[in-house]
Enquirer: 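Just dropping this structure here.
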There are 2 protein chains.
Amino acid sequence: MTRKSSSVTIRDVARQASVSVATVSRFINQTAPVSDDVAERIQAVMKNLRYTPHIAARNLATNRTNAIGLMVSFNMYGDFFGPMLNGIESVVGEHGLNLLISTNNLALRGGHGGMPLGPNNADGLIVYADSMDDVDIHHFYEMEFPMVMVYRKPPEGLKIPCINIENKAASHKIVEHLIKVHHRRRIIYLRGPEGQQDSYWRELGYRKALDENGIEYDPLLVLPGEFERHIASMTITDALLNGLEFDAVFAGDDDAAVGVMGALRDAGKRVPQDVSVVGFDDQRTSSFLTPALTTVRAPTLEVGRVAAQQLINLMRNGEAECEILLPTEIVIRESCGCHTS
Amino acid sequence: MTRKSSSVTIRDVARQASVSVATVSRFINQTAPVSDDVAERIQAVMKNLRYTPHIAARNLATNRTNAIGLMVSFNMYGDFFGPMLNGIESVVGEHGLNLLISTNNLALRGGHGGMPLGPNNADGLIVYADSMDDVDIHHFYEMEFPMVMVYRKPPEGLKIPCINIENKAASHKIVEHLIKVHHRRRIIYLRGPEGQQDSYWRELGYRKALDENGIEYDPLLVLPGEFERHIASMTITDALLNGLEFDAVFAGDDDAAVGVMGALRDAGKRVPQDVSVVGFDDQRTSSFLTPALTTVRAPTLEVGRVAAQQLINLMRNGEAECEILLPTEIVIRESCGCHTS
DNA sequence: CCGGTTACTGAAACCGGTTTCAGAGATTGT
DNA sequence: ACAATCTCTGAAACCGGTTTCAGTAACCGG
């Protein structure tokens, strides 16, 4: 039950090295000079006893946890979880910190109220999209708990650093591509979940592109895709049944694009001849679809790295960029109508 | 720098509720009965003060960390990371535990020797595939540190529970499908990385199917795929250039299958008419490829759940199944030659 | 009515580190 | 030579919980 643990404590080391625990502590943390021979003795004894400091004791004494938390929403499927995590983990590791992960699913935890991640078990927090609600964010903010947000902006009025990707410019560009190169004029936009910020900005880019090219915005062409395949698929199927006319779909994200292409195929429409389809994200498989998907590359791993970096800066120096927008680039493949042989 | 932290301690609660800290502790942990009115008072004060126990202090006192670790290898791309993590996190959360994640990349950490995850910061460990080397495993094993392994077996002689998926039977079945239904006889197997255990068992299933159907095993048909797209792609391209004859590819995993299909297409071969292709994993996009990929469904989320469950059992009761084999099922789609319209 | 549980409570030790404070010896400036 | 400074060290307080131990009051069976 209770493991014996390493059981060799700093006092054991101190005794065998004939010094005080204070000195051992100082040697370990390089927090004050220690004479050479003492250093050597301690070094030797530590190695001999295979001493490793008890993390919890240290945390208690220093009031630091040496860990940062990552709060994600419950359903994190999809390609992009891996790379993002990889990015985060790599810089967290470089700084000798631990990474604590949790979904904020209150139903799961014994309903014991509190947040699974917070000041009591982490020194800082990376908040993914809307994995945390505003009252909790306010709460942490007031107690000056370091946080950075990814794929969202902070709630109104709070100065919390955030890392986002360039949504609007890229969306604008890809929709403009549909218009100028492929002469599409009835372009559906499949929006993401209500309130999703990426989706919001993508829609803005979409509308700007329409606007600049003299195409009137038609609210009937903005439909729910929810960033999910089967929903996107159903939406397009419905649209076809209802006789909605369109010649292109900007699918909100690659997942939705996959659903769209499936629905179109099932309905006997050819992509890209009859309908152009473009996505957003450039997921791993997107280049292998037929036709290969034209989309926007999002630097997911980089988002992770930068977020962790910012958080660590914030923890150490109390400062960080207030908003970082990572560049995206559009990737022209076949599903828009280009490169078709 | 040092946050003020919540600063409200158990003693504050005790004072305001006019009881001793011991009683408060007992109330919080339900470790001994407390009279009703006292309970009420404590409850009220805690709520009023927004008291949350200091984790590190508790850890120190109880010699438990209340966290379990997940050790993964550095490159965890691919779909399956998300679901596995989701599975783990869900049961870990149900038990009020934290999940600590780390890649075991020694180069990253300051080279300060020790493992990033271990007895000092976790109560148990889930070890993914070959993310941890044998000497470290032995080391932890000797100090009776609870571990379970996923997607691998423990090193020779150690009784560490492991969770694997049914590789051999499913591989046997899918290869037999190629032979019996589609009359394929020159079937390439693209193996995974050297020493990868899943790959090993899949190869065994492959060979058994050949054997039972009177097809002689040809070592020239077992080629490196490394579970990576571009490597699989190159391998197949090379094979075609070298004039290797084959009429089917069992791609080791879906990722490799995608690479194979790309290479075949580029070479002007039709799938499945000229060459059947099958994979393993049933990744999210596999059903959306053209042709849709025939493959084996692996219960990835379930692996995560079971692993966490086993680890928790092991930590609590000291017992767990020594080996669990999760069932897989083959999913017939088009790339083998079925359902083609 | 009495011995023996049972239910509840508080004081104090303890977990294993860090950090403050004060002091001893060596070194420096004048 | 003497004071001031610098370098190194140890004793003890402290971080915020848990747990042991002892003790009081209420309850129970005979």
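Every chain is numbered from 1 and lettered A, B, ... according to where its sequence line falls, protein lines coming before strand lines. Computed from a predicted model, the values in this text were never measured in an experiment.
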Enquirer: Using whole Å, report how far CD1 of B:I28 lies from C1' of D:dG16.
Expert: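 The answer, rounded to whole Å, is 11 Å.
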Enquirer: If the condition is salt bridge (charged side-chain N to carboxylate O under 4.0 Å, His left out), which residues does B:E323 pass it with, not counting sequence neighbours?
Expert: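 So B:E323 forms a salt bridge (charged side-chain N to carboxylate O under 4.0 Å, His left out) with B:K153.
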Enquirer: Measure from the side chain of B:R58, starting at C-beta and using heavy atoms only, and say which of D:dT18, C:dG10, D:dT9 lies closest.
Expert: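 Looking only at heavy atoms from C-beta outward on B:R58, the closest nucleotide is D:dT18.
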Enquirer: If you count every heavy atom of other residues, nucleotides or ligands that lies below 6.0 Å from A:D36 atom CG, does the total exceed 12?
Expert: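 Not more than 12 within 6.0 Å, no.
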Enquirer: Assign the ring pair B:F80 / B:Y128 to parallel, tilted or perpendicular, where the plane angle (0 to 90°) is split at 30° and 60°.
Expert: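 Tilted: the ring planes of B:F80 and B:Y128 meet at 30° to 60°.
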Enquirer: Could you tell me the separation between the CG atom of A:L60 and the P atom of D:dC15, rounded to a whole number of Å?
Expert: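 From A:L60 CG to D:dC15 P: 9 Å.
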Enquirer: B:D130: what forms a salt bridge (charged side-chain N to carboxylate O under 4.0 Å, His left out) with it, not counting sequence neighbours?
Expert: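 Result, salt bridge (charged side-chain N to carboxylate O under 4.0 Å, His left out) vs B:D130: none returned.
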Enquirer: Kindly say if A:T9 contacts the phosphate of C:dG16, meaning a side-chain N or O under 4.0 Å from OP1 or OP2.
Expert: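 For A:T9, the contact criterion (side-chain N or O under 4.0 Å from OP1 or OP2 of C:dG16) is not met.
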Enquirer: Can you sort out which residues in residues 37-49 of chain A have a heavy atom within less than 4.0 Å of DNA chain C? Ascending by number, please.
Expert: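 Here the set is empty: none.
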Enquirer: Is the shortest distance from a Lys or Arg side-chain nitrogen in B:E89 or B:R305 to a carboxylate oxygen in the other one below 4.0 Å?
Expert: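 No.
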Enquirer: Measuring from the side chain of A:S35 (C-beta onward, heavy atoms only), which nucleotide among D:dG17, C:dG10, D:dC8 has the closest atom?
Expert: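 For A:S35, the side-chain atoms sit closest to D:dC8.
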Enquirer: Polar atom pairs between nucleotides 19-27 of chain C and protein, under 3.5 Å, N or O only, would you list them?
Expert:
none

Enquirer: Within this structure, what is the CG-to-P distance between A:N120 and D:dG17, rounded to whole angstrom?
Expert: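 Result: 10 Å.
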Enquirer: For the side chain of B:S102 and the backbone of B:L117, is there at least one donor-acceptor N/O pair under 3.5 Å apart?
Expert: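 No: the side chain of B:S102 does not pair with the backbone of B:L117.
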Enquirer: Between B:N63 (CG) and C:dG17 (P), how many Å, whole number?
Expert: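 Checked: the CG to P distance equals 11 Å.
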Enquirer: Roughly how many Å is it from CG in A:D12 to C1' in C:dG17, rounded to a whole number?
Expert: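 It is 13 Å, rounded to the nearest whole Å.
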Enquirer: Only one of A:D123, A:N120, A:N59 forms a side chain to side chain donor-acceptor pair (under 3.5 Å) with A:T65, so which one is it?
Expert: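 For A:T65, the side chain to side chain donor-acceptor pair (under 3.5 Å) test succeeds with only one of A:D123, A:N120, A:N59, which is A:D123.
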Enquirer: Using whole Å, what does the distance between atom P of nucleotide D:dT9 and atom CG of A:D36 come to?
Expert: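 Rounding to the nearest Å, CG of A:D36 and P of D:dT9 are 9 Å apart.
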Enquirer: Please list, chain by chain and in numerical order, all residues satisfying ring-ring contact (aromatic ring centres under 6.0 Å, His included) with A:F140, sequence neighbours excluded.
Expert: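 A:F145.
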Enquirer: Find the distance A:F27:CZ to C:dG17:C1' and express it as a whole number of Å.
Expert: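 Taking CZ of A:F27 and C1' of C:dG17, I get 16 Å after rounding.
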Enquirer: Distance check needed: C:dG17 C1' versus B:H54 NE2, whole Å only.
Expert: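 These atoms are roughly 13 Å apart.
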Enquirer: Which is more 5' along DNA chain C, the nucleotide nearest B:P33 or the one nearest A:V24? Just name the residue.
Expert: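 Its nucleotide being nearer the 5' end, the pick is B:P33.
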Enquirer: Closer to the 5' end of DNA chain D via nearest nucleotide, is it A:R11 or A:S18?
Expert: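 The residue closer to the strand's 5' end, by nearest nucleotide, is A:S18.
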Enquirer: Hey, can you pull the donor-acceptor pairs under 3.5 Å for the side chains in residues 22-29 of chain A, sequence neighbours left out?
Expert:
unit_1, atom_1, unit_2, atom_2, d
A:T23, OG1, A:S20, OG, 3.2

